[in-house]
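As the structure is a prediction and not an experimental result, all values here were calculated from the model.
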Amino acid sequence: MDFALTGEQEALRDTAAKYLADDRATDDGQAWPEVTDLGWLDVELGTVELALLAERLGWARSPSPWWATVGLAGPALRAAGRPLAAPATLAWAWTNGPGTLGEAVAAARAPAFTPGVGCAVAADGTLTGRAIRVPHALDVVDLVVVATGPGGIELRLVDASAARATPAGAGGQALDPSRQVSTVELTGVPSTLLVAADAAADVLALTRRRTLALLAAEAVGVAARALAWASGYAATRTQFGAPIGANQAVAHPLAECYGQVETARSLAYRAAWAVDAEPGQVADRAVLTAGVAAREAAMTACEVAIQTYGGSGFTWEQPLHHWYRRAWWLATFDGTVAGTRAELAGLLLDD
């Protein structure tokens, strides 16, 4: 079996790298039309192709809501036959209900549920409730909401401008200022049914797998960028007439980090492939494994890079702290790494 990337996949990855190298992927009003023109929302793209793009976006630490559109909101919009055109995200966590995507999947599959909890659907189709930790709520046009209808969990579409979003932390107080999460208040907001209760669980399961696979790939990009900076600095910074990378105390952590990053990359690619090729528990195990490996690699690479730079690595002027914040954001998205390990252990032991 050939596990190499195809020519088309390599071209997509290389085009993304060139585009992002021009520093044009900023939230300046032009980035989203360019993303659309580049074909990054095309329905023909599988999860492997999306993961290659996510990796490059992680390298650039892009603030774009692209990943939220194709990962969080995309499966529901596609299931309803709607194109991905405008920035979109998903609101799934409630203060009195599911807190993670995994819990949302379980709630949608539960034979019994409590009507009226979370974001509830009224008889006229309006939504009322509160969703927490919604990524990019201030950056999107469309909001897909996990809501309780008369028959169970539904996925409904809301105009984001009709909701009231309050960012959790502002400016430097946010874990990653380039990727805000918000609390979203819905009060009698009109909504459109995307996915009915009988299909919501399967769509949410796909949403979780694809989102975790894309964020694993993004974490690989973050880790690779930090490692590249650290390796370049170790090769050029001289002390006592020799590069600091000649010292084992500097070289060995970088070498170990390289092995960790490459392992995470392989696992992230396999997870992306499994989402489309082997849905179900095989894909669940793959994305959880990749999520643990990639998020730990991103944290480790940023920490090793900061240490490699020495005193300057701890300054605000050094850009590494931006990538470190993104690594922390990824490590805490939808639960902790420890929680992901526990879930993965449960799947393996159940088998």
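Of the N and O atoms on the side chains of R209 and T47, not one donor lies less than 3.5 Å from an acceptor on the other residue.
A donor-acceptor pair under 3.5 Å is absent between the side-chain atoms of W229 and the main chain of L320, judged by distance alone. Of the possible polar contacts, none joining the T126 side chain to the A122 backbone as a donor-acceptor pair under 3.5 Å is found. A distance-only check finds a donor-acceptor pair linking the side chain of W323 to the backbone of W59 [under 3.5 Å].
Each salt bridge (Lys or Arg N to Asp or Glu O under 4.0 Å) pair with one or both residues in residues 251-262, not counting sequence neighbours, appears once here: E262-R265.
Under a 4.5 Å side-chain heavy-atom cut-off, the cluster of Ile, Leu, Val, Met, Phe, Trp and Tyr residues that includes V121 is completed by L127, V134, L143, V145, V158, V184, L186, V189.
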Criterion salt bridge (Lys or Arg N to Asp or Glu O under 4.0 Å) on R13 and E55, from CA distance to verdict: CA-CA 9 Å; R13 178 197 60 195; E55 183 179 352; over 6 Å; no
Side chain to side chain contact (heavy atoms under 4.5 Å, CB included) between Y324 and Q318, worked out: CA-CA 11 Å; Y324 193 31; Q318 168 57 248; over 6 Å; no
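Under the 4.5 Å side-chain contact rule for hydrophobic residues, L45 and V70 share a cluster.
A salt bridge (Lys or Arg N to Asp or Glu O under 4.0 Å) with E218 is found for one member of R56, R225, R179, R61 and no other, namely R179.
Y233 and Y309 have parallel rings, their planes meeting at less than 30° on a 0 to 90° scale where 60° marks the start of perpendicular.
Nearest approach of A294 to V220, heavy atoms of both residues: CB-CG2, 4.0 Å. Taking each heavy atom of P65 and P87 in turn, the nearest pair found is CG-CB, 3.9 Å.
The distance from the CD atom of Q281 to the CG atom of L348 is 9.5 Å, given to the nearest 0.5 Å.
Listed by chain and number, the residues in a side chain to side chain contact (heavy atoms under 4.5 Å, CB included) with T36 are W32, L41 (sequence neighbours excluded).
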